[in-house]
Amino acid sequence: MDVAALQERSGWVVHRLAVTGSTNDVAARLAAEGAPARTVVLADRQTEGRGRAGRRFASPSGGLYASLLLAAHAEDLPGRVVALVAVAAAEAVEAATGFRAEIKWPNDVWLARKKVGGILLESTDPDRPVVAGIGLNLHAVPRGLPPDVAPTVSSLEAVSGLAVERQVVLESLLAAVDRWSTARAEPGGAEALETAWRRRLALIGEDVTCHCAGQPLSGVLEDASLAEGLLIRDAVSGPVWRPAGHVQDLRPAGRTIS
């Protein structure tokens, strides 16, 4: 990784670590110390990587593990910022592999219907940049995944058969984040971002299961909205908008949570 070249080409401040517990924790500390937006923390390996709901995110050497400091207004949190990073990540994955990348609501990146990455947004102080962590499996699937989860996970190289360079993917990701951040601030930009996000959403029109307000729910995912949540049609209630904050563990019917 050529940090100097990455900084020059991207315009971002880059902090690279060989090993750390969590890049999100390092990025949050830097934000508390005054680091500005457009700062990125990169690690070759994480020992305490985490995903949504506190789940462990396996982070062996060979993946892309980065946490971005992003400027955001209160009305952008959390949905619009997650959507921005997810769309940018999908574009970077697609550019590296030539395969269409999808977003599995709310924060997974899918390639060929398998998870290749995830996003974790964390914000503790409205006066500081938001921390957006992203992990991508570039070369291989992490070892030691549960037997029922491993078949649902893949990597960019496993799907595409192409050699993938971490620096190229990261540069593409940062450029896409910058592009969408600029677009979002323009008239109609928020709507354009949501349209791009919706076009990449997986599982639309498919049978899904989830927990809604703590109760199991099965139905067809008909639509999604950053403001309204998920439109799920079940056999009892028909199509009903479910607030995003009420929905957990959305997945294809019959698939184990990954």
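We use all heavy atoms of the structure for the numbers below, so side chains are in, but hydrogens, waters and symmetry mates are not.
- The minimum heavy-atom distance linking A132 with V85 is given by the pair CB-CG2, 4.0 Å.
- Shown here for D223 and W241, the closest heavy-atom pair between the two residues is CB-CH2, 4.1 Å.
- Taking each heavy atom of A92 and S172 in turn, the nearest pair found is CA-OG, 3.5 Å.
- By the 6.0 Å contact criterion, CD on E75 is enclosed, its count of non-hydrogen atoms from other residues, nucleotides or ligands being greater than 12.
- Side-chain contact check for D25 versus R29: every heavy-atom pair is 4.5 Å or farther apart.
- No side-chain heavy atom of N137 sits less than 4.5 Å from a side-chain heavy atom of S154.
- Hydrophobic cluster membership differs between L6 and V13, with clusters built from Ile, Leu, Val, Met, Phe, Trp and Tyr side chains linked at under 4.5 angstrom.
- Across A27 and L69, no two heavy atoms sit closer than the pair O-CD2, 3.7 Å.
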Apply side chain to side chain contact (heavy atoms under 4.5 Å, CB included) to W110 and L203, showing your working. CA-CA 11 Å; W110 268 16; L203 304 180; 3.9 Å; yes
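- With rounding to the nearest 0.5 angstrom, the OG1 atom of T97 is 11.0 Å from the CG atom of L138.
- Tracing side-chain contacts under 4.5 Å through hydrophobic residues (I, L, V, M, F, W, Y), one never reaches L30 starting from L42; they form parts of separate clusters.
- Counting only heavy atoms from C-beta outward, the side chains of C210 and I232 approach each other to under 4.5 Å.
- Taking OH of Y65 as the reference point, atom CD1 of I134 lies at 12.0 Å (rounded to 0.5 Å).
- Using a 4.5 Å cut-off between side-chain heavy atoms of Ile, Leu, Val, Met, Phe, Trp and Tyr, with links allowed through other members, V177 and V168 fall into different hydrophobic clusters.
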Could you go step by step and tell me if K114 and V159 meet the side chain to side chain contact (heavy atoms under 4.5 Å, CB included) rule? CA-CA 9 Å; K114 292 188 176 184; V159 171; 5.8 Å; no
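- In this structure a side-chain-to-backbone donor-acceptor pair under 3.5 Å is missing from E206 to P252.
- A distance of 7.0 Å separates CG in D2 from CZ in R9, rounded to the nearest 0.5 Å.
- D207 places none of its side-chain heavy atoms less than 4.5 Å from the side chain of S218.
- Judged purely by atom type and a 3.5 angstrom limit, E122 has no side-chain atom pairing as donor or acceptor with the backbone of V131.
- V208 is not connected to V220 by any chain of hydrophobic side-chain contacts under 4.5 Å among Ile, Leu, Val, Met, Phe, Trp and Tyr, and they are in different clusters.
- Not a single donor-acceptor pair under 3.5 Å links the side chain of D44 to the backbone N or O of S61.
- Remark: the backbone N or O of S10 is paired with a side-chain donor or acceptor of R38 at under 3.5 angstrom.
- Contacts classified as salt bridge (charged side-chain N to carboxylate O under 4.0 Å, His left out) and involving residues 77-86 (residues at least two apart or in different chains) are given here: D76-R80.
- Clustering ILVMFWY residues whenever any of their side-chain heavy atoms sit less than 4.5 angstrom apart, transitively, puts L121 in a cluster other than the one holding V26.
- Taking CG from L70 and CG from D178, the interatomic distance works out to 9.0 Å, rounded to the nearest 0.5 Å.
- The shortest heavy-atom contact between L77 and A72 is CD2-CB, 4.1 Å.
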Apply side chain to side chain contact (heavy atoms under 4.5 Å, CB included) to L217 and V247, showing your working. CA-CA 9 Å; L217 176 67; V247 179; over 6 Å; no
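- Taking OG1 of T23 as the reference point, atom CG of L17 lies at 8.5 Å (rounded to 0.5 Å).
- The two residues A83 and L226 have their closest heavy-atom pair at CB-CD2, 4.1 Å.
- Applying the salt bridge (charged side-chain N to carboxylate O under 4.0 Å, His left out) test to residues at least two apart or on different chains, the pairs with a partner in residues 89-100 are E91-R179, E94-R200.
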Applying side chain to side chain contact (heavy atoms under 4.5 Å, CB included) to D249 and R251, what does each step give before you reach the verdict? CA-CA 6 Å; D249 301 332; R251 59 196 186 277; 3.7 Å; yes
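- A donor-acceptor distance shorter than 3.5 angstrom exists from the side chain of R198 to the backbone of A224, with no hydrogens or angles considered.
- Taking CE of M1 as the start and CZ of R16 as the end, the distance is 6.0 Å to the nearest 0.5 Å.
- Looking only at atom types and distance, the side chain of H211 has no donor-acceptor partner in the side chain of Q248 under 3.5 Å away.
- For the residue pair S67 and N24, a side-chain donor N or O sits within less than 3.5 Å of a side-chain acceptor on the partner.
- Side chains of V81 and R184 form a contact here, defined as non-hydrogen atoms less than 4.5 Å apart.
- In this structure, Q7 has no side chain to side chain donor-acceptor pair (under 3.5 Å) partners at least two apart in sequence or on a different chain.
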